[in-house]
Structure formats: structure tokens, C-alpha cells
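Report on the structure given below.
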There are 2 protein chains.
Amino acid sequence: MGGRDARQGRTTVTLEDVARAAGVHYSTVSRALDPTAVRRVSVDTRKHIQSVAKKMGYQPDMVATGLKRGRTQTVAAIVADLGNPSIAPVLRGIASRLEPAGFMSLFAETQDDSSRLERILNHLLSRRVDAIILTAGRVGDSRILRRFVGRGIPVVLALQGVPGIRLPSCTNDDLLGGTLAAQHLLGLGHRRLAQLRGRADVQSLSQRAKGFSKAIAAAGATEVIIPSTAPLGTADDGRRLMRVVLESKRAQPTGVFAHHDLMALGALTLAEERGLNCPRDFSIIGYHDLPNLERLVPALTTIRQPLEEAGRAASDMVLHILNSPSRQPRSHRLAPTLVVRQSTGPAPEPVIQTVRK
Amino acid sequence: MGGRDARQGRTTVTLEDVARAAGVHYSTVSRALDPTAVRRVSVDTRKHIQSVAKKMGYQPDMVATGLKRGRTQTVAAIVADLGNPSIAPVLRGIASRLEPAGFMSLFAETQDDSSRLERILNHLLSRRVDAIILTAGRVGDSRILRRFVGRGIPVVLALQGVPGIRLPSCTNDDLLGGTLAAQHLLGLGHRRLAQLRGRADVQSLSQRAKGFSKAIAAAGATEVIIPSTAPLGTADDGRRLMRVVLESKRAQPTGVFAHHDLMALGALTLAEERGLNCPRDFSIIGYHDLPNLERLVPALTTIRQPLEEAGRAASDMVLHILNSPSRQPRSHRLAPTLVVRQSTGPAPEPVIQTVRK
DNA sequence: TAGCCCGTGCCAAACGTTTGGCAATTGCAC
DNA sequence: GTGCAATTGCCAAACGTTTGGCACGGGCTA
């Protein structure tokens, strides 16, 4: 009695405890603490109850609330791969928006496995999560997702769309990204350009390719087509594709666009092993602006996507849907930006480069 | 009637729906579906009910279950920074263990902010999460955590301990890591060694330093002490500390141990800028085995920690506590391993190196 | 054939909230 | 001083599940 933190042990303090302590009925406590039901309880009882509740450390049980109200003030973000360095900023953007709105954000990982996605969605549904933000869509997932949107739980897509289902989404403008890459190289005087492409069946990558090609065509410059593509977008892929470029009999491109920073990295090291100097002999530009790569020599020019903003925008959509479920929000497309570093420079004098073996 | 997926709309199917369809009381359905209550219902009613439930797509509502049972079959893992590349494998290890045990694992991020940690813990508590795995401990957090262990919810620490509170934990053996680094360099014939240290007030880092120093002393070799430490462990820090080494008037070390791969990276580029060749003139070894760095030239020799195993071990502890809350499990300490690549080699001939400016 | 016990299924009370409805109280105008 | 409305607080039913207890019936033993 009179001690600090009188309550102890594993017991949890309920509405009824607060009511007893405050000398009112527990439903009055519930009303006093619910900001939307202000007018049902007088202002001084309200104040009194609030102070008692605070003193007792009362915290509403979201499980009970969830059962009664049908919503749990929780939004889940599902990602394919937590190890992907692009993901953390997105999740941070999500949390930054949801938290002030009174929602908790929880994260789960599919490991790019559709069956795991299904299990996660089942779990979340049975835990009555209020909405889902998905950055992990794969081709076959529309069937699974359809079951859930049918259940009335809002699903918003971030970063990538899911083919086969129409959902509000917030993606990056990869077409513009490819265009920016091309325009940068063209602006430096390069007239023969090539791209090291990622998988054609990934929409974002094919968009990058398209934006790049169109900008080159529009400027009347030449694109040296490399037919093969990179299955994974790793440094090894980059090396392999760059080898194709360098061993081609045709005139070499002086500007290269890699669809992924790691590919650019691999391409760069291979070219330097073969005696070429970047950016003197050729320029290269990557994509993603991966962390920890700024320190490379030469530091990589790249395309940066507004990841945190993508997370924020996706959360805003979710909040919008939860507040006014009447109408679906419009999908966004966010603009990437060019980050110029040392791996791109003026086009070399127009002498056909020969590879020194 | 006869159609596929007769049920539709946003309605959810409850125990009572199943009971009506199966022609039994809903409590019988509950028992038929609960594997621990097998013996209260005959085997054929059981089978019948199960098939009906499956056909109707019944899924128990964990919110209602949670309210009644007090547990939600959910474990949360809290991390400081989702962008830290060491984290994803740990979380994957956690999920891999929890999932087959019937638990869902959810992730949350503190952004290394104690107040956010407190808010997250409150949220999780009010959502009746069954246990918490924390990899985000900071010095001041013991007070916050104490409140939660008092509430009877198991907390297990992974990767790093939290000073000031005794909790079952599963950490990496940094002392051994430092020892391995030293022994590797000593085995290559290096006799003058130095370390680029991280913050002394981070326990894991001071342990690395200690292991390294002790192994050198035990071998009768010389440690060139660099007094300053790296506040962040970035490449910039590495450059700065390496500059101190190279500009010292004393005889240069030939083997260097950086407490973080990125520091090693910075140190390496600085040394090469100053005309030194790695591994001919000096060897360097990092820590963490960061992804995407294998491709560097020279590829970094480093210490790899068993991250996924740390996640698995932490989950095992959680499951153990949940199954038999009587006794606290013993804390683990996991052994890191040495990954030899190209940045370490035989010690150069014993000629005092001079830095070419 | 009577008595017991066990196997089976139903009832109803919780878990901690929210919330519509109603009763009690107050303040006001006449 | 009475009637009325407005204000405030209480009751109780729900949300979907778990689970102790009880009733019923049938098979066994005596």
C-alpha cells in the first residue's frame, strides 16, 4: 500500500479493475477511454477515470477489442525477402505512417514461396489483421489473393504489381528509370549504348529495358542489343553479360546500363580485368543504389528509387481504404532519380575500342 | 448447391456454422478439431466433422481463441534495424523453427529507439503475443524489459545480450571470433598485428578485441595498439583508422583485423590508394561476411557467424519455455567460423615497410 | 434383470471488450 | 411545485471460442 507500482505478478489489469478503483461501472470506463464516444460521459468522470486508468497502467486488450469490434488496429506487410536491401526502407516508410494513425505494423516473409504466402495470409486472416500491404507478389499469387480480397480485407500492393488481379498499388516507374539512364549517357555524348538486362518476364525489368531503348531511339543513337538476359541479377550475371559485350565482333558500346547494381559491379570488374578503364574508356550505370557500394572505385552511377516514400504511399492508401471503404484509391507510380557518381563520364573520342586480351 | 466454393462474400465461417452443417453441437466441433481433446468425441463423428469443416473452409478465429485461452500462437521477433544484413538470416531461422510448431512469427523494428521498443512491446502485450525474441537490446532497455518479463511473457535474447537484466539468450561467441582472426594471421607468419576496433562500450566488439589481443599475447607476437575506435563501423571509419596505422612512426603491422567488413573495405581501399598491395604487403581480415562483398578484389577473408542457427536456437528456447515454463533454459553461445579468401596471405619478408606517399 | 460405469454429446459459463437500450438523476420552464 | 427533456450511468447481450459439468444411453458384470 502506498508503494510504487502496487500491482504485481503476471495478472493483467482489466476494465473492471479500473471501474472498481474509480467507483463506476466498467462500461462507463470503456466509454470514458474511447475518444469516439466522448459525449456519453461527463467531463469530470471522464477525467477521473482517465487518471485512475493511467495510474493503474491499464491498457485495453486488443484481443478482446478485436473480437468485439472485428478489427485489431494492426496492418501486416508481407515481403518476399527481408535480406533484399530495398525492403527495409519500404517497411520503415510503412511503419512511419501507420504508427501515428494508431496502427501497429507487423512484418512477415514469404521467402518467395507461394505456399508460404498462403499460410501467412491464413494466419493473418485468422488473427483479424485490418489490412495487408504486399510487396511479394508472384505470378501465381492472384488466385490466392482473390480469396482474401473476397473476404473484405484490404490488400495494397507496393513496389511490384501482381499480374492477374487488380489491386490498388504503389510501384516504381521503371520505364522512367530506364529513360533516365539512357538520357544521362546520351547527355554525356555516348552514341553507342548497350544494356545488361534482367529477366524479361519480370515486369519492372522489361519496363527498364523499354524505357532505355525508346530514349535511345528517340535520340537517334544506336543500341547494341545483347540478346541474353540475367536470370538472377547477380555480379556473376553481370560478368557473363559483359563478356558477351566485349567479345562481340561489332563495334563496342561506350555506355552500358545494367539493370542491377550488382550486375554493374560484376561487369565493371570484368572490364577492368581486361584492361579497360571506367569511366575513361566506357561508362556504366546501375540500378537500385545499393548500400555499401558508394565506396567502390569508381563509385557507381545508379538509379535510386524512392523506397521509403513507396512505403508511406502504400500505408496512406491502406488508411484511406480503412477510413472510407467506399471507393478504391488510385494507384501510384513513383519517379526514380538519377544518382551521378564516378562510373559515368564523357564519351571517349570516337575511335573504335579494341579489347586488349 | 453443388457449385464450387458455395460460400461467398465477406462473411466468415464459425464453429456454429460447421456445427449446423454437421448436425452436432458447436462444442463438439471444437473438440473434434482440437487435437489435444481427442478422446471426448467418437472417431467417426470426429472424421465427419473434420471433413465438413474442411469443405466449408473453416479456420478457427485466433482472436477468439486468444481471448479464451490467453495465448495466440504468435511469437514476435523484434530487431533494431531490418536493413542490417545479418538480421534476415536470423529471422529466417526463427520462422523455420516456429512454423512447424504451429506458431506464426511476426517481426517488428525498433530503429534502435528505446521509446519505440517500449511502444512495440506494449502493442504486442495487448495483442497477447505468446513470447518475444529480441535482437535489439540497448543499454537502457533493461528497465522496460523488466516490466514485461514480470507480466509472465517469455523474452529470449538473440545475437546480443542486454546489460542489466538476466534473460535466456543465444549470442555469438565474439571472443572466439577475435581469437580465430588472430590465429589465422599468426598461422600465416604475421608477427606484428593490429586491430581496427569498434566501440568499446558494445559488448560484442570489446569481446572481439579481447579475443584477438589474448591470442597474440599467447603466441608471443606483437600487437600494435591503435587507440582510437570506430563509432559506426563504416567504411569511412575503416579508412580513418587505417590512416592512423599507416601514418604512425612505428614499425607497421603486416596483419590487420577489422571489427567489421565495411571497415576492412575502407581500410583496404585507403591502403591501396597509398600504394600497398593486399595480400602481398599486408593482410586484412574482416567480420560478418557481408553479402555482395565476395566479388571484391581481393575478396575479403572474414569471420562468419551462424546467424540462421542463432535464430533457430532462440526459437527452440522459446518453444522450450512455452512447453515447460518451470525452468529457464541455459543460454547458448554460438561459434563463428573463419572464411578464408584472398585478402590474407603469408606475411611479407621481415623488412620494415615504408608507406609511399 | 438390475446396477455400474464409461463413452458420447450437449449445455452454459467464461475470456475482456463494445454498445444499444433503459433507468435514474438533474436542470429548466411553466 | 409539477412536467418535461436532457444528461449521465448501468445493464446485458454480443463477438467466437474453450472447457468443466452433466445427462443420456449402451455394454458389461453379478
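First the proteins, then the strands, lettered A, B, ... as listed; each starts at 1. No hydrogens, no waters, no symmetry mates; every other heavy atom, side chains included, goes into these values. All values reported here derive from a predicted model rather than from experimental measurement.
At whole-Å resolution of the value, CZ in B:R20 and P in D:dG16 are 12 Å apart. Put simply, CG on A:D34 is 17 Å from P on D:dT8, counting in whole angstrom units. In this structure, B:D61 places its CG atom 18 Å from P of D:dA14, rounding to the nearest Å. When the P atom of D:dT17 is taken as reference, atom CG of B:L33 falls 10 Å away, rounded to whole Å. For B:L125 and C:dG16, the CG to P distance is 13 Å, given to the nearest whole Å. Following rounding to the nearest Å, A:M62 (CE) and C:dC15 (C1') show an atom-to-atom distance of 16 Å. Summarising the geometry, the separation between CZ on B:R127 and C1' on C:dT17 is reported as 14 Å, rounded to the nearest angstrom. Between the CG atom of B:L67 and the P atom of D:dT17 there is a distance of 12 Å, rounded to whole Å.
Under 4.0 Å is where a charged nitrogen must lie from a carboxylate oxygen, and between B:R116 and B:E109 no such pair does. A salt bridge links B:D17 and B:R20; the closest N-O separation between the charged side-chain nitrogens and carboxylate oxygens is under 4.0 Å. With respect to A:R31 and A:D34, no salt bridge is recorded, no charged nitrogen being found less than 4.0 Å from a carboxylate O. B:E118 and B:R147 are joined by a salt bridge, as a carboxylate oxygen and a charged side-chain nitrogen come within less than 4.0 angstrom of each other. In summary, A:D81 and B:R92 engage in a salt bridge, as defined by a charged side-chain N under 4.0 Å from a carboxylate O.
Residue-level contact check: B:V63 touches neither bases nor backbone, having no heavy atom under 4.0 Å from any strand. Backbone-only contact: B:R128 has heavy atoms under 4.0 Å from sugar-phosphate atoms and none from a base.
In this model, the phosphate group of C:dT19 is approached by a side-chain N or O of A:R69 to a distance below 4.0 Å at OP1 or OP2. Between A:T14 and C:dC15 there is no side-chain N or O to OP1 or OP2 distance below 4.0 Å. Distances shown here put a side-chain N or O of A:T45 below 4.0 Å from the OP1 or OP2 atom of D:dG9. The phosphate of D:dG9 (OP1 or OP2) has no side-chain N or O of A:T28 nearer than 4.0 angstrom. For C:dG7, the OP1/OP2 oxygens have no side-chain nitrogen or oxygen of B:S42 closer than 4.0 Å.
Of all heavy-atom pairs between A:V129 and A:I153, the closest is O-CD1, 3.5 Å. Between B:Q73 and A:R127, the closest heavy-atom pair is O-NH2, 2.9 Å.
Each of B:A64 and B:G23 was assigned the nucleotide of DNA chain C with the nearest heavy atom; the assignment lying further toward the 5' end belongs to B:G23.
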For nucleotides 11-13 of chain C, tabulate all protein N/O to nucleotide N/O atom pairs closer than 3.5 Å, reporting atom names and distance.
unit_1	atom_1	unit_2	atom_2	d
C:dC11	OP2	B:H25	NE2	3.4
C:dC11	N4	B:S27	OG	3.2

